[in-house]
Structure formats: structure tokens, C-alpha cells
Protein chains: 2
Amino acid sequence: MDKIRQTIRKITEIDAKLMIKAQSRLDNLTKPLGSLGRLEEIAKQVVGIMGKEKIVFKNKVIFTLAADHGVTEERISAYPKEVTSQMVYNFLNGGAGINVLARHVGARVVVVDMGVSSELKAQSENLKVKKIALGTQNFAKGPAMTREEAIKSIETGIEIVEEEIVNGLDIVGTGEMGIGNTSSSSAITALFTKTEVSEVVGRGTGLDDAGLENKIQVIERALRINKPDPKDPLDVLSKVGGFEIGGLAGIILAASSRRIPVVIDGFISGAAALIAYQLEPKTKEYMLASHCSVEKGHKVILNYLGLDPILDLNLRLGEGTGAALGINIVEAAIKILNEMATFKKAGVSESNPR
Amino acid sequence: MDKIRQTIRKITEIDAKLMIKAQSRLDNLTKPLGSLGRLEEIAKQVVGIMGKEKIVFKNKVIFTLAADHGVTEERISAYPKEVTSQMVYNFLNGGAGINVLARHVGARVVVVDMGVSSELKAQSENLKVKKIALGTQNFAKGPAMTREEAIKSIETGIEIVEEEIVNGLDIVGTGEMGIGNTSSSSAITALFTKTEVSEVVGRGTGLDDAGLENKIQVIERALRINKPDPKDPLDVLSKVGGFEIGGLAGIILAASSRRIPVVIDGFISGAAALIAYQLEPKTKEYMLASHCSVEKGHKVILNYLGLDPILDLNLRLGEGTGAALGINIVEAAIKILNEMATFKKAGVSESNPR
């Protein structure tokens, strides 16, 4: 718990003064005032986050955290839970969606086993094994994990960032893999945003109507049985969370404490963002929402946090795929700020008030 | 006119059979069915356009066409018309928004002088001088150009693509620069989509309320005086168009005839797309709308053409900036199709109907 407290203590407001300076530079670039819309806002926010004006994203890293969920016993997913570990191998072999998109945007993918239910037979410099346990317990019958495990999952997220900073880390993308984790995210979202379960549950990887109805009932039962306290984020994480979700919350806290921008992926990453935000509201200023997921609970999270998604491409894959594309737009925004000529330098006439 | 007719004759339907094959490959990739949303749709469309499955975008080209507009006499822009040529120099020096974003996505920018009102003192391998005239006439007083000039501007666009194919051309982005050209685009949009002028006129580079009111009146007057015939796209182009708009319409026709995907930028590119579409409706299948501009007429165009914009970043700069970012997403989509592993290859279990 000390590690979490120390990290939170280091999270400061973002630099409002430098943001004003960035705005003034943006206003002098050879384009009509404000005509690059969101790109300008993003550039300004990132300057505020990093506390410097000359920014180069040399090391773009997507953290894809994998873990299993005991609640899969309740048949809440269209896929068997073995897929979690099978997909980890796919990540390490470079064949998954996140690998393709990370290569496309020049990011590296760091895969972390936060609690896959089998021992992985893989050694790779891209894999960190940080197992908290062999999957969570079935939260439809009791807590998903102990409070100690919840703390450890967040602390592990912090550790992962600290380790990766040694290799270079200028911008973070969040990602995950875990069959069953939209159920966990729905429960977390319903609790913190005080929304009906049925309003935050989607089809995940592809449930039919009966499957969706069952999923809603399982989550409602889980909340009745566990009674998580929404004022205590660690209680929520331990009762209905997941190890990858705790890990991502830790990554968000650590990145914020190091003034590194965090590009949040979709629904599950959003649930982790809710936990980080409950632990320290200032983390919100360090977040950029990459996209709006098809999973309907995600919009509830974005509204609650007041985050405006950069992209809306009807994605619902997770893994960090939306974050990868979002990072690319954030990088474009920073290049606009850095590389465009000013009116003066380019000898272009400015506008006449008209 | 022969050149336009010949080009149109070569435009065929896109390949529906190959699109079904692409869908089947997408369905076998290691992700839940349809979970990459728009990326999957885009990949499928591009396969249909190019008529092949293995696609690599080695040569991404943004055509930024510049021309002046006589209607600037009517004070319809917040910027003096000299900015058109000044910005061409900025493009050639690499300091404009389009240069930054094209570099970011690995595209080259081909700048074309379609009718800047001064003789440019620049020689660059990135500049094509294809002047139709030293700017259009003031269309608030009579036709912007002759019918012959309208034909020549479209034919020049076709020529530009033919010339550039020699250097390699796998995907096209449209872009433009021309102080006054949102006025021309508003007139074109109002005519083809049968919409009130006031519903398709925006603030362009930054008009105040009085400037906006004046702009609406100028365009209404232009339509009254010129009476362009919306059933005759060449009449519309000659009466209220611009040389860069005609050029872009030619580029869209030529790219479609060569089965090259065309990523359409914002409002002015959209007006050019309307002209291309009126000349040959099949061009629509070759278009991808990169983004939705802040200029309100753009949404009217997108609705009319039934194009769903890829991005919505509140851009209104033009130059091809939205197209550059759009090309990047299209490339990501194609890489998903080409590079992701199938369930079988990766040894990942498929979903159970549930």
C-alpha cells in the first residue's frame, strides 16, 4: 500500500502556464486560428502533461496485460477461457491485432501475465510474468480476489512502468486480454457511475440475447452478494475486479506520477481508469481517451470522466488496439506544434478581422 | 472533353466477389467477429477498389491543388488572396500543416498550381505548374470561368494522376488551397444537394457574423445571376467553381478509372467529389471520406453521397490534412487484413455459440 500512496503523492496538476504558451505558438502557425481542432487541444494537453515544449515520442509503449476471470464459470463469454493464454502466445508471435497496429504506429508491445490461469510456456523479452494468482475467483459466488491481491495488482502495474522507464517510455497506451473481463468492467462501471447494470453490459466478444440476459443477471448477483463499497476503490477491485484491471490502474497512476501521457484504450481500460481516478482524481488530466468502444458501458465511463474520445471506429477488440491508433493521432498533434512554420517565418499574411 | 469521356468509360464497379473473400478472411482472424469495426469495412472496400488481395501502400500521394478565386473581391474571406501563393511557398518549404501530417504518415505531397493569380517564383520537383488562368473571375458578377476552362481543369486533374502514376501511386489523398474556395464549394453544394445557401455556408478561415451574412448574400447573388444548371456538372463548375475544384474532380475520376482508392479531405474536396459523382456515380465506390469538417456544408455533402467519415477531429484547415490522417487509418485497415494471424494458424479456440 505504501507504494500506491507514494505514487499518488507524486501526481501533480498539469502545467497550465506551459499550455498557454503552447496555445500562443499554435495561434501563430500558418493556419487559420483553431483550424486543426482536436489536434491543437491534444498538443496543448500533452505539453501540460509533460511539462516541456519540445516533445519527441521516441518510445511509444503499449502495455497489454492478460489475466483470467473465475466468473467465466457462469458462461458469460462467447469464448472459452483458454483463449486468454492462447492469445498471449499470439501476442508474443506478433499475429494479433495489437501487434499489427503497434507496428503500424511504431510502438512496442509489452505483454504482461498478471494472472493467466495456466503457467505459460513461453520466454520472450516482450513478456513479463507478474502472476498475482492463477486467475480470479468467481465473483458471482464471492470476492474475485483478496484486498492484498488487489493492492498487489496495482503495485505491480506501478512496477511495470518503473521497469520500462529504463528502456525508454515517452507515451503509454493501455491494453488488455482476459476472457470474462467485460463482465468485471461492467460491474466496476455500474458501481462507480451509479448506473443500472443493464445499461453498462454489452455483448463482449459476441453473446446472443440469452447470453446477454444471463450476463446481466450474473453481474447483478455479484453486486448483491459482494456489496462492494464504491467509496473504496480497493474494495471494488477486490470484489469484482480483475488482475489486469488492477495492473492497468497502477500503470495509469505511475505514468501520471512521471508526467507521461496515458492513452486509454476501450471499455476494460476505461474501468481501470475509473479505479485510478477514484484513487486520485488528478490522473484524469493525464488521460487521453483513444476511442469510443461499441461496448455500451464505455460511453458511460467517458461521460463520467468527461473524456472526449479521439476516434470512433466501432472497435471492440481491446488489447490496446484503439490506444495504438490514438497514440498515432497524439503524435501527429505534437508534430503540428513542433514542425509547422509560423506566419512570420513563412512570410504568410495574417487574417484581417472581418 | 474526349479525355473526360474516355476516363469515365474506364470506371467500373468495384469487385464484389473479392470483397466477400476479404470478409471471409477477416472473419477468420484472431479476434471476435466484426470487432475491428470500421477498419474491417475499410479493408473490404479497398480490396474491392483495387481488385486484389495483397495490398501494400508503397506510394501514398496527397495532391494539394492551389488556385485563386475572383470572388475574393467581395470580401468573403478573413484572409487576403495573396495568402494562396504565400501558402504554396510554405508547402514547397515543408512548413505547412499538410507537410507535417504527410511526413507523419509517410505520404508525399504533390503541389499543383491550377491557377494562382500570380506567376510563382519557385521551381521544385514537388510543384507542378498547370495554370488554367490567373485565378477565376468574380462569380458574383458572372461566370467564374468559361466552359472550356472547366473542361480543361478536369482534364488537367486527370493528367496529373497519369503523370504521377509513373512515380508510383497506390492511394490518393485530395487537398487544396485557395482563399475564397469555401464560397465556391458552398455554391456547388447548395446546387447539387438542393439545400438553402445559408445551410451550407460556414465561417471559412474565420469570418465574424457580419462577414458570414455577407458571404451568404454574395453566394445567393451568384446563383441568381449565373443560374447554373445542376443537371450539367460542367455548367456548375464553370459558373461557380474553381480551378482547384475542377482539378480535384479530375483526380477523383482518374483514380477511379485506375482502381486507386481516393481519400477525400474536407469541404472543398467534398465539393469536387460532388462534381465527380455527378459526372459518374460509380466514383463514389472509390471514395473514402477521411473526416467530417467543421464547415457545415461538408456534412450536407457526406449525407448526400452516403459517405461515413473515418475521423471527426473538428478540422477545417483543408490542404489535405484530414486526408493524410485518413490514409493512415486506411493503411492500418489493410495491414490488419494482411498481417493478422488466423485462428487456425495461431492455435486459438473459436467462439462457442452462446
Side-chain angles (χ1 to χ4, degrees), chain A residues 29-39 75 77-80 82-83 86-87 89-90 93-97 99-101 103-105 204-208 210-211 294 310-317 321 325 328-329 331-332 335-336 339-341 345-354, chain B residues 29-39 75 77-80 82-83 86-87 89-90 93-97 99-101 103-105 204-208 210-211 294 310-317 321 325 328-329 331-332 335-336 339-341 345-354:
Chain A
L29 300 176
T30 44
K31 56 171 185 51
L33 269 186
S35 60
L36 282 173
R38 287 297 305 280
L39 294 184
R75 300 175 57 88
S77 175
Y79 282 82
E82 291 68 38
V83 168
Q86 290 166 350
M87 283 300 295
Y89 294 116
N90 199 15
N93 291 329
N99 301 107
V100 175
L101 296 182
R103 282 196 297 268
H104 179 57
V105 307
T205 49
L207 288 174
D208 60 16
V294 174
I310 299 172
L311 300 164
D312 190 359
L313 296 169
N314 289 334
L315 308 180
R316 53 179 172 84
L317 175 56
T321 46
L325 295 177
N328 198 256
I329 302 283
E331 190 170 24
K335 287 180 179 174
I336 286 292
E339 299 178 18
M340 265 185 79
K345 195 180 156 214
V348 173
S349 310
E350 299 202 41
S351 78
N352 310 320
R354 187 168 290 179
Chain B
L29 299 176
T30 45
K31 57 172 184 50
L33 268 186
S35 60
L36 282 174
R38 287 297 305 279
L39 295 184
R75 301 176 56 87
S77 175
Y79 282 81
E82 292 68 38
V83 167
Q86 290 166 351
M87 283 300 294
Y89 293 116
N90 199 16
N93 291 328
N99 301 108
V100 175
L101 296 182
R103 281 196 297 269
H104 179 57
V105 307
T205 48
L207 288 175
D208 60 17
V294 173
I310 299 172
L311 300 164
D312 191 0
L313 296 170
N314 289 334
L315 308 180
R316 55 180 171 85
L317 175 55
T321 46
L325 295 176
N328 198 254
I329 302 283
E331 190 170 24
K335 287 180 179 174
I336 286 292
E339 299 178 19
M340 265 186 78
K345 195 181 156 210
V348 174
S349 310
E350 300 203 40
S351 76
N352 310 320
R354 189 169 289 181

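Below, read A as the first sequence line, B as the second, and so on, with proteins coming before strands; counting in each chain starts at 1. Computed over heavy atoms, backbone and side chain alike; hydrogens, waters and symmetry mates excluded.
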Taking every non-hydrogen atom, the tightest pair across [X] and [Y]:
| X | Y | value |
| --- | --- | --- |
| Leu317(A) | Pro32(B) | CD1-CD, 3.6 Å |
| Ala332(B) | Leu101(A) | CB-CD2, 3.8 Å |
| Pro80(A) | Glu350(B) | CD-O, 3.8 Å |
| Gly95(B) | Thr30(A) | O-OG1, 3.8 Å |

Interatomic distance, CG@Leu207(B) vs OG@Ser351(A), rounded to 0.5 Å, equals 9.5 Å
Kindly compute the distance separating CD (Glu339(B)) from CZ (Arg103(A)), expressed to the nearest 0.5 Å.
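Rounded to the nearest 0.5 Å, the CD-CZ separation comes out at 5.0 Å.
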Side chain from CB out, backbone as N, CA, C, O: work out which of these in Asn328(A) comes under 4.5 Å of a heavy atom of chain B, or both, or neither.
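Both backbone and side chain.
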Tell me, for Leu311(A) versus chain B, whether the close heavy atoms (under 4.5 Å) come from the side chain, the backbone, both or neither.
side chain
Among His104(B), Met340(B), Gln86(B), Lys345(B), which has the most heavy-atom pairs under 4.5 Å with chain A?
His104(B)
Relative to chain A, which of Leu325(B), Ile329(B), Ile310(B), Leu315(B) shows the most heavy atom pairs under 4.5 Å?
Leu315(B)
Flag side-chain contact, heavy atom, 4.5 Å: Leu33(B) against Thr205(A):
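SC-SC contact between Leu33(B) and Thr205(A) ruled out.
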Picking from [options], which has the most non-hydrogen pairs under 4.5 angstrom with chain B?
| options | result |
| --- | --- |
| Thr321(A), Asp312(A), Leu29(A), Val348(A) | Val348(A) |
| Gly37(A), Ser35(A), Ser349(A) | Ser35(A) |
| Gly94(A), Ala341(A), Gly204(A) | Ala341(A) |

